[in-house]
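Values reported hereafter were calculated over all heavy atoms of this structure, with side chains retained and with hydrogens, waters and symmetry mates removed.
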Amino acid sequence: MPTVLIVEDEIKLRELVRSYLERDGLTVLTAGTGADGLHLFAAAKPDLIILDLGLPDISGEAVAAEIRRGSSVPIVMLTARVEEADRIRGLELGADDYVTKPFSPRELVLRVLAVLRRGAGQDDQQPTHGYGGGRLVIDEATRNVTVDGGQRELTPTEWRILLALATRPGRVYSRAELINRARGHEFEGYERSVDSHIKNLRRKIEADPAQPEIVLTVLGGGYRLGLSRDG
């Protein structure tokens, strides 16, 4: 049973979200400060984190950055900030989803469940594929990605974007196609959020993210995989 960690300083909101998540059978841990959230994260290794950006001690951004230093655990950010720049910042920090206050607790639960489904193990009949003479290897059964022999830890959203690009190497995928592959056709986000996820993905898999060779930008079109499939 998945475990969700809620890091939120508003007690009533924290307990309301907890009750909704528990109704869907999830195990829930809660913290009211960033410091407590980081401690619980290290001790309990939750499957997903709901993170408020407006915490009283450590900023939610700092908490997310600390978690992302060593983990690809899915993060759903909560914030009262509605500006596009704030949303982009959250995604660049590695968030898998971004929910603005006020929000429907039921909608939040559905988003959490969707992120958990995207992060679940894939069909074990799926094969392993190599690209660029083995430079990039994608194992769909275990959701493992290696680049030049080193394993890379991807968030569920980054994984699905890379998998979509690798389905047909060289094909140009529009931002709309990628966000739909990564987040589902029901996702009502904006296409530019893909750019933030691509930026994070490149940091993990490119030797030089400023001059990418694996995930290429096609001006006016979108993105494509720059390596051909082996065999």
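- Val137 and Leu227 fall into different hydrophobic clusters, where Ile, Leu, Val, Met, Phe, Trp and Tyr are joined by side-chain heavy atoms under 4.5 Å apart, directly or via other members.
- Note that the OG1 atom of Thr27 and the CG atom of Leu21 stand 10.5 Å from one another [nearest 0.5 Å].
- Note that the CG atom of Asp36 and the CG atom of Asp9 stand 11.5 Å from one another [nearest 0.5 Å].
- No chain of hydrophobic side-chain contacts below 4.5 Å, direct or via other Ile, Leu, Val, Met, Phe, Trp or Tyr residues, connects Val115 to Leu110.
- Side-chain N or O atoms of Asp96 include one that pairs as donor or acceptor with a backbone N or O of Ile75 at under 3.5 Å.
- The closest side-chain donor-acceptor pair between Thr217 and Arg202 falls under 3.5 angstrom.
- The cluster map of Ile, Leu, Val, Met, Phe, Trp and Tyr, joined by side-chain heavy atoms under 4.5 Å apart, puts Val172 and Leu201 in different clusters.
- With contacts defined as side-chain heavy-atom distances shorter than 4.5 Å, the pair Leu225/Leu136 qualifies.
- Judged by distance alone, with hydrogens and angles left aside, the side-chain atoms of Thr167 form a donor-acceptor pair with the main-chain N or O of Leu163 at under 3.5 Å.
- The pair Arg135-Glu213 counts as a salt bridge, with a side-chain nitrogen and a carboxylate oxygen less than 4.0 angstrom apart.
- Considering Leu216, Val218, Val194 in turn, Val194 is the only one that fulfils the side chain to side chain contact (heavy atoms under 4.5 Å, CB included) rule with Tyr223.
- Listed for the Ser19 side chain is a donor-acceptor partner under 3.5 Å among the backbone atoms of Leu16.
- Not one N or O on the side chain of Glu15 forms a donor-acceptor pair closer than 3.5 Å with the backbone of Lys12.
- Taken to the nearest 0.5 Å, the NZ atom of Lys204 stands 6.0 Å off from the OG atom of Ser72.
- With rounding to the nearest 0.5 Å, the separation of CG in Leu26 from CG in Leu48 is 9.0 Å.
- Side chain of Glu206 to backbone of Val215: a donor-acceptor contact under 3.5 angstrom is found.
- Checking side-chain atoms of Asp57 against main-chain N and O of Thr33 turns up no donor-acceptor pair under 3.5 Å.
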Checklist entry - Do Arg68 and Thr155 pass the side chain to side chain contact (heavy atoms under 4.5 Å, CB included) test, and can you show the C-alpha distance, the side-chain angles, and the key distance before you say yes or no? => result CA-CA 10 Å; Arg68 278 291 173 258; Thr155 68; 3.5 Å; yes
Next on the checklist: Between Thr30 and Glu8, is the side chain to side chain contact (heavy atoms under 4.5 Å, CB included) condition met? List the steps.
Outcome noted: CA-CA 8 Å; Thr30 63; Glu8 164 64 60; over 6 Å; no
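- Between the Asp47 side chain and the Val73 main chain, no donor and acceptor come within less than 3.5 Å of each other.
- Between Ser228 and Tyr131 the shortest side-chain heavy-atom distance does not fall below 4.5 Å.
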Item to check | Intermediate values then yes/no, side chain to side chain contact (heavy atoms under 4.5 Å, CB included), Leu29 and Val4 | outcome: CA-CA 6 Å; Leu29 303 172; Val4 176; over 6 Å; no
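- Counted by atom type alone, Gln151 and Glu153 present one or more donor-acceptor pairs between their side chains at under 3.5 Å.
- Under the 4.5 Å side-chain criterion, counting only non-hydrogen atoms from C-beta, Pro156 is in contact with Arg143.
- Proximity of a side-chain donor or acceptor of Arg229 to a complementary backbone N or O of Ala166 within less than 3.5 Å is detected.
- The number of heavy-atom neighbours closer than 6.0 Å to CZ of Arg203, taken from other residues, nucleotides and ligands shown, is above 12.
- Electrostatic pairing of Lys101 and Asp52 counts as a salt bridge here, judged by a charged N lying under 4.0 Å from a carboxylate O.
- Hydrophobic clustering, with ILVMFWY side chains joined whenever heavy atoms are under 4.5 angstrom apart, groups Val76 together with Leu113.
- Of the possible donor and acceptor atoms, none in the side chain of Arg152 sits under 3.5 Å from a partner among the backbone N and O of Val145.
- A salt bridge links Glu107 with Arg111: the distance from a Lys NZ or Arg NE/NH1/NH2 to an Asp or Glu carboxylate oxygen falls below 4.0 Å.
- Within the 4.5 Å cutoff, no side-chain heavy atoms of Asp230 are placed close to those of His129.
- Note on Arg18 versus Asp24: no salt bridge recorded, every NZ/NE/NH1/NH2 to OD/OE distance being 4.0 Å or above.
- Just one of Ile58, Val7, Leu53 meets the side chain to side chain contact (heavy atoms under 4.5 Å, CB included) condition when paired with Val63; it is Ile58.
- The salt bridge (Lys or Arg N to Asp or Glu O under 4.0 Å) check on Arg171 picks up Glu177, with sequence neighbours excluded.
- In this structure, Thr146 OG1 and Ile138 CD1 are separated by 9.0 Å, a value rounded to the nearest 0.5 Å.
- The shortest distance between side-chain heavy atoms of Val99 and Met77 does not fall below 4.5 Å.
- Val147 and Ile205 get closest at one heavy-atom pair: CG1-O, 3.5 Å.
- Here CG of Leu108 is found 5.0 Å from CZ of Phe103. Values are rounded to the nearest 0.5 Å.
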